[in-house]
Every structure is written in C-alpha cells, then in structure tokens.
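Below is one structure; the comments refer to it alone.
As a basis for the values below, the full set of heavy atoms in this structure was taken, side chains included, without hydrogen atoms, waters or symmetry mates. Below, read A as the first sequence line, B as the second, and so on, with proteins coming before strands; counting in each chain starts at 1. Everything numeric in this text was worked out from a predicted model, so none of it was measured.
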Amino acid sequence: MPTMNEAQMKAITAGDGPALVLAGAGSGKTRVIVERIVWLIEERGVDPRNILALTFTNRAAAEMKSRIAARLGVERLATWVGTYHSFGLFVLRREMERLGRPKNFTVFDDGDQLSLMKRLVKGLSAGSTKVSPREALSWISRLKQETEEPGDEESLNEEDAVFRELWPKYHHALEKARAVDFDDLLGLPAKLFGEDDEVREKYRRRYTHILVDEYQDTNRVQYLIAKELSGEGGNLFVVGDEDQSIYSWRGADITNILDFEKDFPGAATFRLEQNYRSTKAILAAANAVVACNVERLGKTLWSDQEGGDRVGYCLVADGGAEARWVVDTIAKRGFEPRSTAILYRTNGQARAMEEAFRRKGLAYIVVGGIKFFARKEIKDLLCYLRILINPVDGESLRRIVNIPPRGIGGTTLEEVNSISERRGIPMLEAMREMAEDLAHSARARNAAAAFVALIDTLALKAGSDSVESILEAVLEATGYRDYVQHSDEKDFRARLEVVDEFIASCAEFDERDEGGLEIFLQDLALVSDTEGYSNETPAVALMTCHSAKGLEFDNVFLIGMEEGYLPHGIAAESDEDVEEERRLCYVAMTRARKTLLLSGAETRVVFGEGRDRTPSRFIDEIPEGQLEKVASEEAATRGRARPSAPRAAEGELRMGAKVRHGTFGKGTVMYTSGSGKKLKVRIRFDSGMSRQFMVSAAPLEILEGKRK
DNA sequence: GAGCGAAACGAGGAT
DNA sequence: CGTTTCGCTC
C-alpha cells in the first residue's frame, strides 16, 4: 500500500501541544498515531510509560500496540494502549476505595443491566405507563454519558417521568449489588479527575502525552477524561473523521471534534484527504453519497488509484436470491475469502447469508453478533463465580439460585428479597436467616440452607486457586454438567461444548495473567466477540457496517440496500438520523479496496411475511455513470431449472475432503451417500470419533479438498 | 415448585 | 420466524 510521504508525516507527528488530525477514510490515521508515539519516544526522549493511547475497540488497541512495538523493535510495550473503557476500569481498580467503595465490585454488562431493568419495570406501580426496559436503559445511559442527572423540571412526556422514577431504583440496585455499569467505568473516573485534585495530579504526572483515536466517537465523559488528564494546553493528540461518526446513539458527541480548536487553544490542525485504500471508482461513489449530508465540514477524499471496476449494484428477487448471488459471485470471480467481506445493517441479515455459504461449502466467519460470554451456559457459570468474589451481588444470585433447579422458585425468592429489603442485608445473608427462621416452611429452609452451604464451601476455594480450578469446583458442586445434559435433549452436546470452551478460556487466562478470579471477571465484561477476527482468518467475513469500521477488504458486498435497512426504518423520521445512516453507508463503502458490490431485494420476508421493498435512497445518490447495474445469473435464467445448491456441495464434499464441523471440530470425509437434499457424509474427526451428517443441516465448512 | 404446551410478543447499531 | 412468558396440571 502506498503511504503518505515522509515530509508530510513529519509535519504532523513532530510537534508539541494539542493537535487535531482530520483524517479521511483510508488515509492512514492509525499510522499517524503510531508515528507520533514513536517520535515522542525516539526523538523527544519521552518515557514510553508516560504515554496513554486510547481507542474504542480492543481490536484497534491490539493492532496499534503491535505496530508501535514493531516500529520500536521491542517485545513488550511499556506504553498504555487500550480502550477507553479498559482504562476506566484500570483507574477504578486503583481508586475505588477513594470513592468509599470496596475493590471487589462486579462489572455489569448489557445483559445484566437488562435483567435488572426488566425486574424494576415489572415492579412499577400498576398505573404507570408501560415502558420498555431497553428504552429505560438507553435513556439512563444517555444522561450518564452526558454527565447529567435527571432534573426535577416538569416533564410533558409521561415516559420520561417513568424513566426518571426508574433512575434512583436502578442506581440503588447497582449500589446494593456493589456493581458498576459500562457508563460508570468512564463516569466514575471522570468524576474523580474532576473533583479530586490529588488523583487528577497523580494521573497527569503519569500520562504526559495522551492520544485518542476515532475522536469523533467520543462522548461527553470521554472528552472530560481527555481534557482533565491533558490539562491546560496539554499534550492531547486526537485523530478522527466527522464523516465516520456513526455512534451518536451510544452517546458520541460530534461537537467534541468540531469544537476541538476552541477547547484547546493553539491546537494544530491537519487534514488528510488522500485515500490510499480504494480505487477512484469506489471513492467517487462513496463521496457522492456522503456529500448529500448537510451537517458536515466538507472534505473531499481523493485517490490516485486508477482502474478497477465501477461500483456494482444488483437488484435481486428476494433475500434468498441475494444470498445466492453473493456466494455465486465470490465463486465466479474467484474472490479470495480472507480479503472479502459481506456487510449489512442489522445482525439478522447474516442468517440467510450463512445458509448460502454453508450450502456452497464456502468458509465464512460471522464477526460480532451474539457474544460467546453472553451465552446462557457461560452466563450461569459467571454468576456463580461473581458471587464467590462479591457475595453481596444479589443480581447474579437471582440468576443462578435455582439453576440447576433446587426448589427455590419465585415465591421463595420474593420472600428472600423481602427479608433482604426489610433488614437491609444482602440476598445471600437473607437466605442464611431464612434457613434459621422457623417461621418458614421446612422445604424452603432446607433449600436455602443447602444453597448457602454450597456458596460458602466454594467461596473458601475462590481466594487462592486458579480460575480454572474454581470453575471446575463450581461445575462439580452444582452438578451443572448433569443439569445441561438432562435439561434439553436436543442440543446438549453443543452446550457442553460451550462449557468446555469456557473452561479453556479460564485456563488461558490463568496462564497469561496473574490477576486471579477478581480481575478475570472484571475484564470479561469488556471482551467483545469481534476480537477473534483478523484479516488472516481464511474465511469470508460477515459483519455489520458498524463492526467493519477500521477494517479494509479487497472485495466488499454491501447487502440490503433498501429503505428500512439502510437507512434503517427507525432512523427514517429524522434528518439527523438519516445523515448518520448516510455516514454509515459511507463507512461501509470505503472499506473496499478494489471491488464494491451493492445489492437489494424487490421483496423480502420481514416479520414472517413477504413485503415489497424500495431501493435505498443512497443508491439514487450515486450518479448513474458511476454505478453499474449487474444482473444475477438467476434473474437471467429465470424460469429455467436452476441447478440445486446441494448438488454443488455434493461435488465439493467428496471423500478425503477436510472439513470443520461447528461442534466437533476438524475431520475428514470418509464416504458420502444419498444425493441432493438427502446427501449424507460420514466424517472422522481428528479426535477419533466418527459420525454421519445430513449435509443440508450440519454446520460444515470445507477446509480443503474442493473439486479441482 | 416443576414441567409442559400454548400463546404472546418482539428485531438497531455495541464498548 | 424464533424466543420468551403464561397458564395449566401434577
């Protein structure tokens, strides 16, 4: 990849004081941060430990880390490079006691927040307006990210009144469980830096140089953290692109980047408008779309990469046809899987794609979506582990107190809750009292006593052992494996597999980190599922447009170019929201290096029924000369018999082919039987086990041995 | 309190 | 269409 010239790079990276780099898509903005850090260390002699680099995703942090380390030629980097949230957690662990709270707090992820809020909404008085727990959470979260608290002004909106009623209940529950949510990870440190001079000075001395990536995505709290730490005229170096601001729904405040020069007087501003990633054809189309936005500073990216195809657009019959068109095109044009991506607006769109990939026997990987640690089995076990570290975490207790079933149902639990509220003691202690109190039934007392004894026994282990062995003890003492095995006949193997995977990740943590269970649990809340993916993965990547930010691919399919998806239906009403959808479209389009193919369907099954669809307005915004209408083969031969997809798979799944099964791992095809939809294969797995599968139903991925 | 089948309900993006 | 909640019976 061509890069910006030395002189230009020097001008940007060699400097003191605050600086803003407005860097367009594909202009090499990560490199700017890397070079600035290298310059600080090598030319300025800044101690690497005094530098703090903040990103938004772990993936971006990992990439930045390895690039800096490579440039410096060191094995271990002393510079703190990580996400804003992990930095917040890092600060909280050290300073929690200053806030008058113990260190063994629980970090609640979105799932924890949701179940808590569901309960609170249910508990509202009967006359209250019905509100959705999700909306209540985002209302609260928005205020917290803007560092505000609900005021007492008379609100005209009934919903807001309910949200305001939920606010103290929610925070009381968090405090009672000794838990913090995602927003607290930033909000509490920001509060400390703002109010405690001693703490602020300590961190200012420690981090003399601060760098922020994707500055357009920062919210108010993140802005405050950067400002407090960098101090007057401090060394704050931020990089961002207002055209790629796609996280306003998460609290990102675009004025942070727009007002940077005002907030940090004397700031140097640089603009990077040359794109080194995409062809002229792709960039022209993407520019045309984003140029339709009114609210922008207006910068025009250019590329000197001639050649390449015009951007393609294929209008297909329905969702199934779209998926087949994608996989057929990949096969026909010989796109290399590792440098090909399918991007979509909503996670639900992945399903049809996955099916098409499986049928075709093409390797794919879905990035993001349902998180591994959010799966039921993992969540159950996590909640056990949390209680061992933080025995007052009643929210986690609620989840697992009757898993596996041990005779503590809703009625008993409510009784425990009322003891807990009445006496002002944690749930676990309430259960201890219940077990002793003859006023309760013998059945309830015995069940409560057994649970308390179970937790007490496990808690003894939790202090000293490795995470893996504590987890094994939990599995053993609770009989969790038996529970999984007997609770659901159908997919218990896959679920046991999930448990084993979790054990493996605990063991991995034990090897890597000395922190023990407390650290393990707190870190886990910040782990996202997109981290496992890199461009090295030999598979076509399927992900949302949001997840694709920061990545690039030779070939990009942007599917579902229809009103309702992109722009999303929920955003259609406000111009502001449509502009963000347009930026999202721009982000997705500019992921492509060589080929960009768009698609949309005429009809699609939504909510169980077929509906007519309208092509996205963003398609119309691309000048006609820059868009090539392509027809799917299917449309061209419509009416004629189409060779069925399983036949294609049959040819590829011949004897000796190496495959990977979603549950059992790698194996070799021993023989095939049947044909078409009934095609069966017997596979011997590397573990020695052999099994037979229906190709049409099994999660098989062909690794090698495809038809020559 | 547990287990089952029926009914109702719910899909935006994610650190 | 897939998942969660409801409501009944044991």
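In terms of modelled atom types and a separation under 3.5 Å, the side chain of A/Glu581 and the main chain of A/Ala571 share no donor-acceptor contact.
Ranked by how close their nearest DNA chain B nucleotide is to the 5' end, A/His546 and A/Pro405 are led by A/Pro405. Position along DNA chain B of the nearest nucleotide to A/Thr83 versus A/Arg134 favours A/Arg134 as the more 5'-ward residue.
A/Ser86 comes within 4.0 angstrom of nothing in the nucleic acid, heavy atoms only. At a threshold of 4.0 angstrom between heavy atoms, the contacts of A/Arg345 include nucleobase atoms, whether or not backbone atoms are also involved. Residue A/Phe56 is in sugar-phosphate contact alone, with no base atom involved, counting any heavy-atom pair closer than 4.0 Å across all strands shown.
A/Leu114 places its CG atom 14 Å from the C1' atom of B/dA11, with the value rounded to the nearest Å. Rounded to whole Å, atom P of B/dA11 lies 21 Å from atom CD of A/Glu562. Spacing between atom CZ of A/Arg443 and atom C1' of B/dG1 amounts to 6 Å, rounded to whole angstrom units. Atom pair A/Ile246:CD1 and B/dT15:P shows a separation of 11 Å (rounding to whole Å applied). Rounding to whole angstrom units, CG of residue A/Asp183 and C1' of B/dT15 are separated by 10 Å. The distance between atom CZ of A/Arg119 and atom P of C/dT5, rounded to the nearest whole Å, is 14 Å. In this structure, NZ of A/Lys376 is placed 14 Å from C1' of C/dT3, rounded to the nearest angstrom. The distance from atom CD of A/Gln522 to atom C1' of B/dT15 is 16 Å, rounded to the nearest whole Å.
Between A/Phe56 and A/His85, the distance from one ring center to the other does not fall under 6.0 angstrom.
Phosphate contact (OP1/OP2 of B/dA14, side-chain N/O of A/Asn347, threshold under 4.0 Å): present. OP1 or OP2 of B/dA14 lies within a sub-4.0 Å distance of a side-chain N or O belonging to A/Thr544. Considering only side-chain N and O atoms, A/Ser547 lies under 4.0 angstrom from the phosphate OP1 or OP2 of B/dA14.
Between the P atoms of B/dG13 and C/dT4, the separation comes to 16 Å (whole Å).
Of all nucleotides listed (B/dT15, B/dG12, B/dG13), B/dG12 comes nearest to the side chain of A/His568. Listed candidates were B/dG12, B/dA2, B/dG13. Nearest to the side chain of A/Ile570 is B/dG12. Closest to the A/Thr346 side chain, of the nucleotides B/dG1, B/dG13, B/dG3, is B/dG13. The side chain of A/Trp249 has B/dA14 as its nearest neighbour among B/dG1, C/dT5, B/dA14.
Using bins of under 30°, 30° to 60° and over 60° for the plane-to-plane angle, the ring pair A/Phe87/A/Trp80 lands in the perpendicular bin.
A donor and an acceptor atom never sit less than 3.5 Å apart when one is taken from the side chain of A/Glu581 and the other from the base of B/dG13.
No side-chain donor from either of A/Asp318 and A/Thr603 sits under 3.5 Å from a side-chain acceptor of the other. Checking A/Ser616 against A/Glu562 by side-chain atom types alone, no donor-acceptor pair falls below 3.5 Å. In this model, a donor atom of one side chain and an acceptor atom of the other lie less than 3.5 Å apart for A/Asn256 and A/Thr218.
No aromatic stack links A/Tyr247 and the base of B/dG13, using centre distance under 5.5 Å and interplanar angle under 30°.
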